[in-house]
Amino acid sequence: QVQLVESGGGLVQAGGSLRLSCAASGRLFSRYAMGWFRQAPGKERDFVGAIDWSGDSTDYADSVKGRFAISRDNAKNTLYLQMNSLKPEDTAVYYCAIDRKPNLTGRYYQAFEYDYWGQGTQVTVSS
């Protein structure tokens with residue numbers, strides 16, 4: 001069993017930055033790829049980005065490419081999402097999740113690929 005707890009969300013002005021963290025319990029964290037998703041009110045849960053088990057490979061949604069960066073510290077069982085140049089359209093609840101595979105293969109950009117999810121953290125970007 002794995003528990004994921006996100007933190008670091010909040011209210012920020014457009015153009016600002018936030019760093020989200022996702023703390024994991026259990027031994028699975030360092031073995032598998034991880035993903036970040038977000039969900040705005042009335043919308044589906046969308047892919048933000050993902051990172052493989054080692055941290056060497058990442059991928060991002062086009063909407064955040066060049067602004068967001070994912071990293072991980074396997075020694076601390078923690079996943080990060082650095083968000084820069086934030087826009088009002090980035091407003092959403094952000095979730096971290098553990099994939100079923102170590103590498104970014106298959107449909108890692110789709111939510112059904114992920115087994116465990118955190119409770120989410122709210123990010124609000126004001127204009």
Side-chain angles (χ1 to χ4, degrees):
Q1 191 72 11
V2 176
Q3 288 187 327
L4 303 174
V5 179
E6 301 96 336
S7 61
L11 174 63
V12 63
Q13 288 189 333
S17 298
L18 280 175
R19 188 193 196 201
L20 305 185
S21 298
C22 171
S25 65
R27 298 182 178 182
L28 294 181
F29 178 83
S30 62
R31 301 179 186 177
Y32 295 107
M34 299 284 296
W36 283 101
F37 287 75
R38 65 187 182 185
Q39 189 167 18
K43 296 189 176 181
E44 294 184 351
R45 191 167 295 191
D46 291 332
F47 174 73
V48 173
I51 187 168
D52 74 347
W53 71 276
S54 68
D56 289 341
S57 179
T58 56
D59 192 26
Y60 301 92
D62 288 343
S63 59
V64 306
K65 224 170 257 186
R67 300 189 297 122
F68 290 12
I70 298 176
S71 61
R72 65 191 297 164
D73 186 337
N74 286 343
K76 295 182 178 180
N77 272 17
T78 305
L79 176 74
Y80 302 100
L81 179 65
Q82 178 66 44
M83 304 186 294
N84 300 323
S85 303
L86 282 161
K87 305 175 182 180
E89 51 264 45
D90 294 319
T91 295
V93 177
Y94 283 71
Y95 299 90
C96 63
I98 291 184
D99 198 352
R100 303 168 186 171
K101 309 176 300 296
N103 298 309
L104 299 185
T105 58
R107 298 184 179 183
Y108 58 87
Y109 46 88
Q110 294 190 313
F112 67 76
E113 281 284 298
Y114 294 80
D115 284 333
Y116 298 99
W117 293 80
Q119 83 291 346
T121 185
Q122 176 70 47
V123 172
T124 303
V125 184
S126 63
S127 57

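For the single chain, residues carry numbers from 1 onward in sequence order.
For the atom pair CZ of Arg72 and SG of Cys22, the computed distance is 9.5 Å after rounding to the nearest 0.5 Å. Of the inter-residue distances, the one linking Ser25 atom OG with Tyr116 atom OH reads 10.0 Å to the nearest 0.5 angstrom. Rounding to the nearest 0.5 Å places CE of Met83 at 11.5 Å from CZ of Arg19. Atom NZ of Lys65 is separated from atom CG of Asp59 by 5.5 Å, given to the nearest 0.5 angstrom. Atoms SG and CG, on Cys96 and Leu4 in that order, are 4.5 Å from each other to the nearest 0.5 Å.
Neither side chain, Thr105 nor Asn103, offers a donor N or O lying under 3.5 Å from an acceptor on the other.
The pair Lys87-Asp90 does not meet the salt-bridge criterion, since no charged nitrogen lies less than 4.0 angstrom from a carboxylate oxygen.
A single hydrophobic cluster is seen to contain both Leu28 and Ile51, as judged by linkage of ILVMFWY side chains at heavy-atom distances under 4.5 Å, directly or through other members. Connection of Leu81 to Phe37 is not established within any shared hydrophobic cluster, with ILVMFWY side chains joined at heavy-atom distances below 4.5 Å, either directly or through further cluster members. With hydrophobic clusters built from ILVMFWY side chains whose heavy atoms lie under 4.5 angstrom apart, Val125 shares a cluster with Val64. No chain of hydrophobic side-chain contacts below 4.5 Å, direct or via other Ile, Leu, Val, Met, Phe, Trp or Tyr residues, connects Val48 to Tyr109. Residue Tyr114 is grouped with residue Leu104 when hydrophobic side chains (ILVMFWY) are merged at heavy-atom distances under 4.5 angstrom, including chains of intermediate members.
Put simply, the side chain of Arg107 never gets that close to the backbone of Phe112: no donor and acceptor are under 3.5 Å apart. Between the side chain of Ser57 and the main chain of Asp52, no donor-acceptor pair closer than 3.5 Å is present. Here the side chain of Asn74 pairs no donor or acceptor atom with the backbone of Asn77 at under 3.5 angstrom. Side-chain N or O atoms of Glu6 include none that pairs as donor or acceptor with a backbone N or O of Leu20 at under 3.5 Å. Of the possible polar contacts, none joining the Tyr108 side chain to the Met34 backbone as a donor-acceptor pair under 3.5 Å is found. Using a distance-only test at 3.5 Å, with no hydrogens or angles considered, no donor-acceptor pair links the side chain of Thr78 to the main chain of Ala23.
Contact between Val123 and Gly9 at its shortest, heavy atoms only, is CG2-CA, 4.1 Å. Heavy atoms only, all atoms of each residue included: Leu86 and Leu18 are closest at CD1-N, 3.9 Å. Across every non-hydrogen atom of Ile70 and Thr58, the tightest pair is O-CG2, 3.9 Å. Residues Ala40 and Ala92 share a closest heavy-atom pair of N-CB, 3.9 Å. The heavy-atom pair separating Ser17 from Asn84 by the smallest distance is OG-OD1, 3.0 Å.
Considering only heavy atoms from C-beta on, Thr124 comes within 4.5 Å of Leu11 through its side chain.
Counting non-hydrogen atoms of neighbouring residues, nucleotides and ligands closer than 6.0 angstrom, the CD atom of Gln3 reaches no more than 12 such neighbours.
For Arg67 and Tyr60, the positive end is not near the middle of the six-membered ring at less than 6.0 Å and at most 45° from its axis.
Side-chain rings of Trp36 and Phe68 stay apart, their centers remaining 6.0 Å or farther from each other.
The side chain to side chain contact (heavy atoms under 4.5 Å, CB included) with Tyr95 is formed by just one residue from the set Arg38, Gln119, Arg45; it is Arg45.
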_Working note: Gln122 + Thr91, criterion side-chain contact (heavy atoms from CB on, under 4.5 Å); need CA distance, chi angles, decisive distance, verdict._
CA-CA 8 Å; Gln122 176 70 47; Thr91 295; 4.0 Å; yes
*Evaluate side-chain contact (heavy atoms from CB on, under 4.5 Å) for Tyr32 paired with Trp53, printing each intermediate quantity in order.*
CA-CA 5 Å; Tyr32 295 107; Trp53 71 276; 5.7 Å; no
